[in-house]
Structure formats: structure tokens, C-alpha cells
Q: 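Have a look at the structure that comes next, please.
It should be emphasised that the depicted structure is a prediction, and the values quoted were computed from it without experimental measurement. Letters A, B, ... are given to chains in the order of the sequence lines, protein chains preceding strands, and every chain is numbered from 1.
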Protein chains: 2
Amino acid sequence: MTSIKVKNILAIGATALGAFYLGTYTERRQHNADEYCQRTFARLPGFPVFSTVSAAELIPASEVNLTARPSRIAEIMKYGFPGLDNVRSHSDYVLSYDRRNRVPHWVFEHLTAASVAKNDAVDRAKCDFRPDESIHPYFRAQNTDYRRSGYDRGHMAAAGNHRLHQKHCEDTFLLSNMAPQVGQGFNRDSWNSLEMYVRKLTQNHPNVYVCTGPLYLPHKEDDGKSYVKYEVIGANTVAVPTHFYKVIVAEAADKKLHMEAYVMPNQVISNDTPLKVFQVPPETVERAAGLLFFDKMNRQQLATINGKKV
Amino acid sequence: MTSIKVKNILAIGATALGAFYLGTYTERRQHNADEYCQRTFARLPGFPVFSTVSAAELIPASEVNLTARPSRIAEIMKYGFPGLDNVRSHSDYVLSYDRRNRVPHWVFEHLTAASVAKNDAVDRAKCDFRPDESIHPYFRAQNTDYRRSGYDRGHMAAAGNHRLHQKHCEDTFLLSNMAPQVGQGFNRDSWNSLEMYVRKLTQNHPNVYVCTGPLYLPHKEDDGKSYVKYEVIGANTVAVPTHFYKVIVAEAADKKLHMEAYVMPNQVISNDTPLKVFQVPPETVERAAGLLFFDKMNRQQLATINGKKV
């Protein structure tokens, strides 16, 4: 028994570390120019172990917290990785990239009252949507893919959740953090309401953790069979998800945890539809997404799921 | 420059090792019974480092080569992992599992004349299709999912490629190695011809490496937009891929490498259609699958792609 537990701990430790390397390994490609390879390695975020910053170097105060520090990543991922496919660590959020669909599998954020507070030093208008060069060119979404598609470049990690530093905000504008969303009536309305609701949770919960991502849900057709169907846009065939999810854990002052899960269709939703309508059991999202959320959470601490005592 | 190269090597080494742990980490789940967790860890294939077999123990000759030995896995994966999502190492093939679609992302095999030779000691009829208990129950395909679906449980790693031991053959019957395939006219015909063709390559190539998996290819509809559409079957919504691919590298006696790539639609294909018709540039498969094949191959050794000199 004990030896099995020790194995678990060792394996988990090795994997958590391994997650930082995943992108590096999978994006390497011998027949591409060495130049691409080295550029990628040099720029790849979340590469804490072989950092080029030694203890002997002075870090200017202005740069503190502007890169993906291991301690910050550990804070964000405190309750576990939902999956480990092509993980990228950014300055204030962590992402797993779906190379087949050119959108995230999931993004993970840790929100506090401070990180979502209005901050005049951070200007969203100065942030540019830009391709993520840490993703291999074959799988990299471009701005041209979205152009004239009729869809917004919808943030998965919301810009408004990262207001401590300009760099935090900028990192959310990488196209690897986007998925095509219906603009009017969804991204700019009901989905935005859900994002604001999550931020508001920080008012009475010191720590809010949220995992966000796309879903491709099946529907039944006249032949009685079930099908998954979704549009793909642009030369890089970026997938337009049928739905989006958010799974949230809010930690109250008494350390009790409150979990909520939402699934919203990627379509115009009437503004007077209450958010409650979109609540689903977290397990439903896990099965549909192929992910396990808040896996490392101590279930003893869990007080409510979707407002109901557990 | 040198320091970057050293980093690359270290990172790659760490990741290759890490791949063995991936499944373990992602399938762990605290709120499930400890019993499930420990059972999974104890049974998980491809767990070479913390093996319970010590050097002091005698291994009966009959059991040699019956588990996923690290040296065998290294042979199979000699030219690199196409991706690192939920990797499973079996006795004679390696698999990456797509938890969202409940089918493999890819399976990797290393074929030799010996491994595909007729062997009376191996009886395919004694092998049972069975659920893969190393996959979390939420994402595990069951025999009932396929029942009355109209689709075959189509092997990705073909049973006929693993004839050295009964155990090798049995391992290919895990449902994690299956995807729903049209039976008559595809799985039992044209796809089978492709599998036989790959085996035949071992007659004049000492080593044949083959990566096999599903694709979900878009098509254009009357509205001018592109869509991905595929059926899902059973209670666990197992995806029915629109196409399947094989990317092959055959190593000749002179060490020259010959690469071929095939994509076949998951539908009835006339038996008189030559295999050549289904050849595609390997890059096409990579872009569609979100994977990179034979990434560690020395491109200097590559003599032909789809029969054409490079």
C-alpha cells in the first residue's frame, strides 16, 4: 500500500514538471530550419527550470511578475491540470492547446479582487491579437483565419481578468487563447455576462479559480443517429465550437469551496436569460470535454456545487 | 548557441520519460475510490521506472517480452512521438488516447518479418475485445457502444502485425485501440489491403514503422462554408472518424528510409481501387491530425516519399 502511494507521489511530481516541457518537445521539428527551433525554445513561455536568469543577475522591478514564474503557475494550477496536451504557461494563465482544432482545450485562471480591479496602468486598447509563435506553424491560428468569418476572436482567458500588469493583459491576446465566437448576442453579451459574474465572485471569495474551454456537442438528427458538427474557418481550419464551458471553484474566507459549472451554446442568447439556466453538473462537462477538472481538490472542503450543498 | 542546444537535449530527455507518466497523472481522480486509483496504477502498462520486477527476481522465459519493456518501447518510438496526449505503452505497440472522442489519436508499431510471420502458437480467435481499464470510466469505450451501431470495432494497431506472442495479439484487442469502421467494403476489405501491404513491406525492409489513426476532415457545404461532421455512437459517444491515415517509414537494408502516407475514407471502397490512389503528402496528414510524424528521423536518410525521390 505504502509503496503504491509513494509511486503515485513520485509520478505526479515528475508529470507536473514534465508538463512544462510538453510544448517544447512536440513542437520541435528536425526538418524545419534550426533557426525556427532555437527561436521557439528561446521564446517559449513557462520554461522555468532552465531559465537564463541566474541568481546573480538583478531583475528590474518593472519586470517582476511579467513572465510565467513557476510559483505563479503553481498557484494557478493548485487544483490540478485538466489534461496535459500541449500545455503553455503564460504570465497569468495556463493553457492547453488543441493542435487539431487550432483553439485551446482549456485555459486556467486564478482570480483575486486585485487581479480584476480597474487599473489605469493597463490599457486593453494597446493589446494586439497576434499569432502564438510557440505553436508549430502547421497548427497555428492566424488573424486571417478569423477575417470575414463572421466570428469574433473570443478570449478564453478573459482580458478583464488580468489587470495587474500590461503584460498580463497582452498575453491574453495570443490567438492560441482564442476560439471563434458569435459576436453580437454572445461574446459581447451573454458570455461577457458570465465572465463578469466570475469576476464578481472575487468580492466575497479571496480566491477564484476558473477553467474555460470549447465543446463540440452532439445532436440527434432525423435518421435517429447522433452527430457532432461544427464549422471550420480560414486556411488553417480553425474550429468553431458548438458550445463553451466554464468550471469555477470559489474559495471563501472560511476555506470552504464552492463549485459551479456552465455550458453556453455559441449562438445569440437573449440578454434576459438568467445565467442559472446554463448551469450543468461538472461531470457533464468532464465527459464532453475529455477532461477532469479540479482533480486535486480535497473533496472534504467542497461545500456546494451549483449552489446546492454536497 | 551551445547552451540552447543543451537545453533542447535535456528537455527532450525529460519529456520522453515524462510520456510514460502522462496517463497515470491524468487518470488519477481523488473523489473516486482509492481502490480505483491503486488498481489503475498497479495495472497501467508502460510504467517501466517503478517496475515491481527487481533484478533479483527470476523472469520465467515464457513471460519474456510479454509486457511493455522500456527497450521495446524505445524501439517502437525510435523516430519520435507524434504527440503526447494520454500515452499508453503496450507489449508491442504504443498508443495516444483521445479522451474526448474515445478512440486513439495515434498508434505506433514497429514491424519485422518475424513479428508478422504466421505463428501457430498465436490464436486470434482466443482474443476478446475488452474495455481498457487504464482509461478513466468517463472516457472509456465499451463493447455496448459498438453493438448495433452498424460499425466494426476496427483495430488501429492491427492484430496481424503482432504474431510473436499471444499476449501481443491480445493487447491489440483493447477497445482503446479501436475506432468505429465501416465493416464490409472497408475494414474487412480496402483497409485490410492497406494493412497487408504494410506487412508485406517487411519482406524487403528489415524494419517497418507505421503510425495509424483517425481523421475528422472538413467538407464544403452549399452555404460555401466548411464543416466537420461525424457520427458518435453508444452511451459513451464514441466518434466515428470520417477518414483513417497510415504514415509508414520502411528502413531498407542499406539504411535508407522510404516514407509513405495514406488517407482512406471510412466508407465502402471498391476492391479494384489501387492503394496508390490514397497516397497523400505526409504533411497533409500532420496538419489534419494535429500531429508531427517521424519527427526525430534524420532527413538525410530519407530516400523517397510516396515512391518519389526526395
Side-chain angles (χ1 to χ4, degrees), chain A residues 1 4 7-8 10-12 14-19 21-22 24-31 37-38 41-42 47 50 52 81 83-86 98-102 136 138-139 216 218 225-233 236-237 239 283 286-292 295-299, chain B residues 1 3-5 7-8 10-12 14-19 21-22 24-31 37-38 41-42 47 50 81 83-86 98-102 136 138-139 216 218 225-233 237 239 283 286-292 295-299:
Chain A
M1 292 284 282
I4 289 172
K7 278 182 218 167
N8 291 7
L10 287 172
I12 290 159
T15 315
L17 192 73
Y21 302 127
L22 289 189
T24 312
Y25 178 83
T26 51
E27 299 304 329
R28 179 187 46 77
R29 186 127 183 92
Q30 228 157 322
H31 74 246
C37 215
Q38 294 180 4
F41 273 87
F47 208 70
F50 304 107
T52 51
F81 286 72
L84 288 170
D85 194 29
N86 292 288
D98 181 348
R99 298 196 302 187
R100 186 169 64 213
N101 283 330
R102 341 295 196 195
H136 188 285
Y138 288 0
F139 318 127
Y216 310 88
K225 297 176 180 177
S226 291
Y227 295 90
V228 168
K229 183 180 181 184
Y230 54 91
E231 192 181 344
V232 293
I233 58 171
N236 294 300
T237 59
E283 183 187 313
E286 292 180 307
R287 288 180 184 272
L291 301 169
L292 296 173
D295 196 31
K296 282 174 72 182
M297 182 171 67
N298 178 356
R299 302 278 148 174
Chain B
M1 292 286 279
S3 83
I4 289 172
K5 279 184 187 155
K7 278 182 220 168
N8 291 6
L10 287 172
I12 290 160
T15 315
L17 192 72
Y21 302 127
L22 289 189
T24 312
Y25 178 83
T26 51
E27 299 305 329
R28 180 187 45 78
R29 187 128 183 91
Q30 227 157 323
H31 74 245
C37 216
Q38 293 180 3
F41 272 86
F47 208 69
F50 304 109
F81 286 72
L84 288 170
D85 194 28
N86 292 290
D98 181 348
R99 298 197 302 187
R100 186 169 64 212
N101 283 331
R102 342 294 197 198
H136 188 285
Y138 287 1
F139 317 127
Y216 309 88
K225 297 177 181 176
S226 291
Y227 296 90
V228 168
K229 183 180 181 182
Y230 54 91
E231 192 181 344
V232 293
I233 57 171
T237 59
E283 183 187 313
E286 291 180 307
R287 288 180 184 272
L291 301 169
L292 296 173
D295 197 31
K296 282 174 73 181
M297 183 171 67
N298 178 355
R299 302 277 149 175

Q: Would you mind telling me which of R102(B), E231(B), E283(B) has the largest number of heavy-atom pairs within less than 4.5 Å of chain A?
A: E231(B)
Q: Ring-plane angle category for Y138(B) and H136(B), please: parallel below 30°, perpendicular beyond 60°, tilted otherwise.
A: perpendicular
Q: Tell me, side chain or backbone of I233(A) under 4.5 Å from chain B's heavy atoms, or both, or neither?
A: neither
Q: Is the closest side-chain heavy-atom distance between Y230(B) and Y230(A) below 4.5 Å?
A: yes
Q: Using only atom types and a distance under 3.5 Å, with no angle test, would you say the side chain of R100(B) pairs donor to acceptor with the backbone of G290(A)?
A: no
Q: Identify which part of A239(A) has an atom lying under 4.5 Å from any heavy atom of chain B, answering side chain, backbone, both or neither.
A: neither
Q: Does some side-chain heavy atom of N101(A) sit less than 4.5 Å from a side-chain heavy atom of Y216(A)?
A: yes
